[in-house]
> 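One structure follows; several queries about it will come next.
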Amino acid sequence: MVTKSEKEKYRKISELGCSLCRHQGNEGTPAELHHIRRGGVRSRSPIIPLCTYHHRGSNTSIHGMGRKRFEQEYGITEEQLLEKTESLINE
Ligand SMILES: [Zn+2]
Ligand SMILES: [Zn+2]
C-alpha cells in the first residue's frame, strides 16, 4: 500500500526530472520512476527518476544494458544517483 506521504515523495522525485540527465548537466528531463532492487519488498525499494532513454532504451539504459554496464558507461552508480535524488528532495 502506498501512503499519502509516499505518493507525495514519488511526485517530488518525478518532478526532479531524470537523475542521470541532471548529472550530465541537463536538468528537468521528464522522468519515470525506477525502483532500485536490493532484495526485499519491491514497494519498499528506493526509487530514482530516469528518463525513458536512460530507463528503458536498448543500449542506453539501466534495463537495456544492465546495472553494471550502465554504471561503467556513465561513471556513476545507481546508489550515487539515489543519494543525489534523496538530498534534492530533502532540501
Ligand atoms: Zn536521462
Ligand atoms: Zn526501472
Side-chain angles (χ1 to χ4, degrees):
M1 203 183 82
V2 181
T3 65
K4 205 177 166 191
S5 72
E6 280 172 325
K7 263 191 193 159
E8 180 65 18
K9 187 178 171 184
Y10 285 11
R11 190 182 59 76
K12 276 191 190 166
I13 289 174
S14 65
E15 281 177 358
L16 289 174
C18 176
S19 53
L20 182 55
C21 286
R22 176 182 289 271
H23 171 66
Q24 295 175 327
N26 304 308
E27 285 184 25
T29 313
E32 303 175 337
L33 299 178
H34 169 68
H35 286 257
I36 294 180
R37 303 296 187 105
R38 286 176 173 164
V41 187
R42 186 174 188 272
S43 63
R44 294 249 174 259
S45 61
I47 49 174
I48 56 173
L50 287 174
C51 64
T52 52
Y53 183 79
H54 289 136
H55 190 214
R56 291 184 278 149
S58 56
N59 265 308
T60 55
S61 76
I62 192 141
H63 290 297
M65 298 194 286
R67 185 170 58 84
K68 218 171 176 174
R69 261 185 66 210
F70 176 90
E71 291 179 344
Q72 278 171 356
E73 176 76 19
Y74 296 112
I76 189 163
T77 68
E78 201 181 37
E79 292 292 331
Q80 287 172 321
L81 290 173
L82 175 65
E83 273 173 33
K84 285 170 182 283
T85 300
E86 296 276 325
S87 71
L88 283 166
I89 62 165
N90 290 324
E91 260 173 14

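Atoms within a ligand are numbered from 1 in the order they appear, just like the ligands themselves. All figures in this text were calculated on a predicted structure; none of them were measured in a lab.
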> Where do His35 and Ser45 come nearest, in terms of heavy atoms and distance?
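Smallest interatomic distance, heavy atoms only, reads ND1-OG, 3.0 Å.
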> To make sure I understand the geometry: which N, O or S atom in His63 is closest to the Zn ion (ligand 2)?
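Output for this pair reads NE2.
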> Would you please name every residue forming a side chain to side chain contact (heavy atoms under 4.5 Å, CB included) with Glu83, sequence neighbours left out?
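Counting only residues at least two positions away or on another chain, Glu83 forms no side chain to side chain contact (heavy atoms under 4.5 Å, CB included).
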> Pull up every protein N/O/S atom sitting under 2.8 Å from the Zn ion (ligand 1), skipping waters.
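The answer is Cys18 SG, Cys21 SG, Cys51 SG, His54 ND1.
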> Between Pro49 and Ser14, is there a side-chain heavy-atom distance shorter than 4.5 Å?
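No; the side chains remain at least 4.5 Å from each other.
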> Do the charged groups of Glu8 and Lys4 touch, with an N to O distance under 4.0 Å?
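Answer for the salt bridge query: no.
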> Hey, is Glu86 close enough to Lys9 for a salt bridge, meaning N to O under 4.0 Å?
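Yes.
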> Are any of the side-chain heavy atoms of His34 and His54 separated by less than 4.5 Å?
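No. Closest side-chain heavy atoms not under 4.5 Å.
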> Provide the atom name of the closest N, O or S atom of His34 relative to the Zn ion (ligand 2).
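When I compare the N, O and S atoms of His34, ND1 is nearest to the Zn ion (ligand 2).
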> Run the salt-bridge test on Arg37 and Glu78 with the 4.0 Å N-O cut-off and return the result as yes or no.
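Answer for the salt bridge query: no.
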